[in-house]
Every structure is written in structure tokens, then in C-alpha cells.
Amino acid sequence: MAWTHYQFALAVTLVVTGSINTLSTKWADNLSAAGSDGQVRQFEHPFVQACFMFLGEMLCLLAFKAFYYYYRSKRDGSEDVNQLVKGNRTFNPFILFVPAMCDMIATSIMYVGLNLTYASSFQMFRGSVIIFVGILSVAFLNRTLVPREWAGIIFVIIGLGIVGAADFMSNDGGTDHSRNNIITGDLLIILAQIITSVQMVYEERYVAGMDIPALQAVGWEGFFGFTTLGLLLVPMYYIKVGAPFNHNAHGSLEDLIDAMYQLSHNWQLQMAISGTVISIAFFNFAGISVTKEISATTRMVLDSVRTLVIWVTALLVGWQQFHWLQIIGFSGLLFGMCLYNNVFVYQAYSGIRRAYIRRRYGELPNADVISRPADDPTSD
């Protein structure tokens with residue numbers, strides 16, 4: 001079935017804004033500015049960046065309210081048919097509190113990991129969520145994984161192992177990434193995916209089927225994440241930590257004052273953070289909408305395209321060096337994800353098999369002949 005113009009626009013928005021989000025966050029990590037103590041240092045404030053990300057998501061709630069009241073003011077029932085606002089609008093928002101907290105913890109950990117590793121590795125290791133979602137689905141959703149899904153998980157593990165080996169073997173190439181930092185960053189991203197998988201399983205069990213408008217769902221999760229993490233920034237200021245997590249003016253877990261001081265003294269930082277805020281709002285809306293309007297499988301494929309865009313861009317701007325193992329690792333990861341989600345692999349195999357049999361035996365009257373050659377003595 002061909003996509004509508006709206007679905008195509010959602011797909012493009014998902015890839016473009018998702019790529020901008022990761023790249024703008026990494027760009028901010030690579031920029032330097034004077035801190036509150038007067039010293040020039042890189043902008044390494046993962047929890048502040050996560051807070052800005054949730055601010056972007058929270059803006060979706062304001063957008064939802066604006067669209068809803070606009071369409072309701074027309075008094076023609078358009079608020080019940082328009083793609084942006086139609087659906088269940090009377091749910092209890094606290095049902096989204098648990099996934100919002102999972103998202104807050106996972107995002108904060110991932111941004112710490114992104115500080116320590118490459119943008120492409122950050123995006124590739126996010127694919128490990130398939131492993132944990134599969135395992136948790138068996139444990140808590142009473143799912144039974146078919147052999148194809150288990151095989152997909154194995155290929156994802158192999159692919160990620162190769163990507164990790166490529167990171168370990170990579171030369172720093174003038175970057176500030178040490179080998180230990182890269183490994184730590186990769187492991188933190190994997191840890192974050194365990195938490196993300198808990199969020200996905202919870203949403204599948206308690207949120208799926210409620211037909212919540214995408215903008216409203218993203219907005220409420222952003223509200224819970226922003227307010228909670230914003231409050232946590234206060235005690236984080238007083239928690240002293242060691243390297244490599246103390247790269248701020250006070251050597252604390254997070255220093256909001258230092259982050260805002262650096263932002264005020266570097267216009268490029270302001271652009272990068274603005275890119276994070278704006279892109280995450282559109283990305284999350286597009287992601288939920290693609291899942292709702294097309295399929296979760298399509299979203300997975302588009303996420304793979306986003307990974308490729310981020311990887312190529314990181315190479316072009318010199319944020320990392322090319323390593324041939326990454327191609328093998330990404331290919332294994334992509335193959336495993338396609339196999340797990342039943343995308344392309346079996347379809348391609350079936351097409352090639354049918355073409356081979358048709359070429360060898362000609363047009364076949366029924367599917368039974370495909371499994372038994374015409375010269376088989378047991379055939380009719």
C-alpha cells in the first residue's frame with residue numbers, strides 16, 4: 001500500500017529531526033566556552049542537556065493545546081478528525097509518569113555516554129534495546145519469541161560486539177576520547193537501553209490501545225521528565241564526583257550555573273541547544289505518529305536510516321575516524337534488526353527462491369510443487 005503525503009512527511013521528519021537531535025547534542029559536547037570560574041572548557045553537562053530535551057518534549061503539550069482549541073473553535077467537529085488532536089484526550093496523565101521516569105533516567109545516562117564516545121556509536125548501541133525488549137517481553141508480557149526473533153537478537157549482539165571492537169581499536173585521531181572513556185560511554189549507552197526496554201514493555205502493557213494523541217503523550221512525558229530532572233539538578237550541584245564525570249567549574253555531578261554561564265558566552269552553544277530542543281519535539285511527535293499511522297517496523301527501518309546519516313556526518317566533520325569494522329558491525333546490527341522485525345530478509349529470500357524455481361521449472365501451478373521438484377518420483 002502506497003504512503004499518503006502525510007505519512008511520507010512523517011517519515012522524512014523522523015529521519016531529519018532525529019539526526020539533527022543527536023548531531024546537535026554531540027556538537028554541543030565538542031564546543032568550548034568560559035565557565036563560571038573563568039576557565040575555558042568543553043560543554044559537558046549531560047543532565048542539563050537532558051533537561052533541555054524534555055523541555056522540547058514539553059513544548060508538544062503546548063502545541064497540542066493550541067491545535068485542539070483552534071480546531072474546537074471551528075465548531076465543526078474537526079478536533080475529532082484532525083490527525084494532530086484526534087484520539088483519547090481524557091486519560092489520566094499519570095499513566096505516563098512511569099515511562100517518563102524511565103525516559104528521564106535512560107536519557108540522562110545516554111547523554112553521559114555520548115560525552116564519552118562517538119555519535120555514531122551512540123546511535124548504533126541504541127539498537128541493543130531489541131535484545132532487552134525481547135527478553136522482558138518473554139518475562140512480563142508472556143510472549144514467545146519465534147526462532148527468527150532469537151536469530152535477530154543473536155545478529156544484533158554480534159553486530160554490536162564488532163562495533164565495540166571497532167571503538168576499542170580506533171585511534172583517537174586528535175579527539176578527546178580516550179579508549180577507556182569510549183568503552184565506558186558504550187557500556188553506559190547499553191545500560192540506558194535496559195531502562196528504555198522497561199519503558200517500552202510498560203507502554204505496551206498499560207498504554208498501548210489507549211489511542212492517546214501523539215502530541216499529548218509526548219508533551220506529558222516531557223512535562224514529567226523536565227520537572228523531575230529540573231528539581232534533581234539542585235542536589236546534583238552538591239554531589240562531588242571524580243573524572244571523567246566532573247568536567248565543570250565545581251567538580252560536581254552537574255553544575256547548572258556553570259552550564260548557563262557557558263551558554264551565555266557562546267552563540268554556537270545556543271544554536272546547538274536550540275537544535276536539541278526543537279528537533280526532539282518534532283522527532284518524538286513524528287516517531288509516535290509513524291508507529292500509529294504506519295507501523296513500529298517502519299519506525300525501526302527509519303531509525304536505521306538515521307543511524308547511517310549520523311555516522312556519515314560524524315565522519316565528514318571529523319568527529320571520528322573511519323574504521324572498516326564499523327561497516328561489518330552496522331551491517332550485522334541492521335540485518336539482526338530486520339530479521340527480528342521480519343523486514344526484508346524473509347521477503348528477499350522468498351523472492352529469490354521463487355525466481356530460481358521459476359527459472360528452473362517454469363511457471364508452477366501451485367505452491368506444493370515449489371517444495372517438491374517436478375521430477376520427484378513422489379509427485380503426482
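All values below were derived from every heavy atom in this structure, side-chain atoms included, with hydrogens, water molecules and symmetry-related copies excluded. Since this is a predicted model, take the numbers as computed values, not measurements.
Side chain of Arg306 to main chain of Gly18: a donor-acceptor pair is present (N/O by atom type, distance under 3.5 Å, no hydrogens or angles). Asp258 places a side-chain N or O within 3.5 Å of a backbone atom of Ser36 that can act as its donor or acceptor partner. A donor-acceptor distance shorter than 3.5 angstrom exists from the side chain of Lys240 to the backbone of His250, with no hydrogens or angles considered. Put simply, the side chain of Asp211 never gets that close to the backbone of Pro213: no donor and acceptor are under 3.5 Å apart. Under a 3.5 Å cut-off, the side chain of Glu44 and the backbone N or O of Asp29 do not form any donor-acceptor pair. Side-chain atoms of Asn88 come within 3.5 Å of backbone N or O of Met210 as a donor-acceptor pair. In this structure, Lys26 contributes its side chain and Leu114 its backbone to a donor-acceptor pair below 3.5 Å. Without hydrogens or angle criteria, His323 side chain to Leu325 main chain gives a donor-acceptor distance under 3.5 Å. Side-chain N or O atoms of Thr107 include none that pairs as donor or acceptor with a backbone N or O of Met104 at under 3.5 Å.
A side chain to side chain contact (heavy atoms under 4.5 Å, CB included) with Ser128 is found for one member of Ile190, Leu333, Val163, Ile157 and no other, namely Ile190. Between Phe132 and the choices Thr196, Ile153, Ile194, the side chain to side chain contact (heavy atoms under 4.5 Å, CB included) rule is met once, by Ile194. Paired with Ser19 under the rule side chain to side chain contact (heavy atoms under 4.5 Å, CB included), one option of Leu14, Ile310, Val305, Leu308 passes, and it is Ile310.
Looking only at atom types and distance, the side chain of Asp186 has a donor-acceptor partner in the side chain of Thr117 under 3.5 Å away. Side-chain contact, Glu57 with Asn284: a donor N or O sits under 3.5 Å from an acceptor N or O.
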| What's the verdict on side-chain hydrogen bond (donor to acceptor under 3.5 Å, both in side chains) for Gln49 and Thr276, showing C-alpha distance, side-chain angles and the deciding distance? | CA-CA 8 Å; Gln49 285 178 298; Thr276 298; 5.6 Å; no

| query | Under the side-chain hydrogen bond (donor to acceptor under 3.5 Å, both in side chains) criterion, do Gln326 and Trp311 qualify, and how do the steps go? | reply | CA-CA 10 Å; Gln326 284 189 313; Trp311 183 21; 3.1 Å; yes

| query | Given the rule in the side-chain contact (heavy atoms from CB on, under 4.5 Å) test, do Met169 and Arg179 qualify, once you have shown the distances and angles that lead to the verdict? | reply | CA-CA 8 Å; Met169 298 170 62; Arg179 185 168 291 174; 5.7 Å; no

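Within the structure, side chain to side chain donor-acceptor pair (under 3.5 Å) pairs that include any residue of residues 262-272 comprise His45-Gln262 (at least two apart or interchain). Under the salt bridge (Lys or Arg N to Asp or Glu O under 4.0 Å) criterion, the residue pairs touching residues 68-93 are Asp80-Arg89, with sequence neighbours excluded.
Aromatic rings from Phe224 and Phe94 are positioned such that their centres are separated by under 6.0 Å.
The existence of a salt bridge linking Glu149 and Arg143 is confirmed by a sub-4.0 Å separation between a basic side-chain nitrogen and an acidic carboxylate oxygen.
Here the closest non-hydrogen pair linking Leu84 and Leu215 is O-CD1, 4.1 Å.
No cation-pi contact links Arg148 to Tyr340, judged by a cut-off of 6.0 Å to the six-membered ring centre and 45° from its axis.
Residue Val201 is found in a hydrophobic cluster whose other members, listed by chain and number, are Leu136, Phe140, Leu141, Val198; membership requires side-chain heavy atoms under 4.5 Å apart, directly or through intermediates.
Side-chain atoms of Phe43 and Asn248, non-hydrogen and from C-beta on, never get closer than 4.5 Å to each other.
Ring geometry, Phe223 versus Trp220: the interplanar angle exceeds 60°, so the pair is classed perpendicular (tilted spans 30 to 60°).
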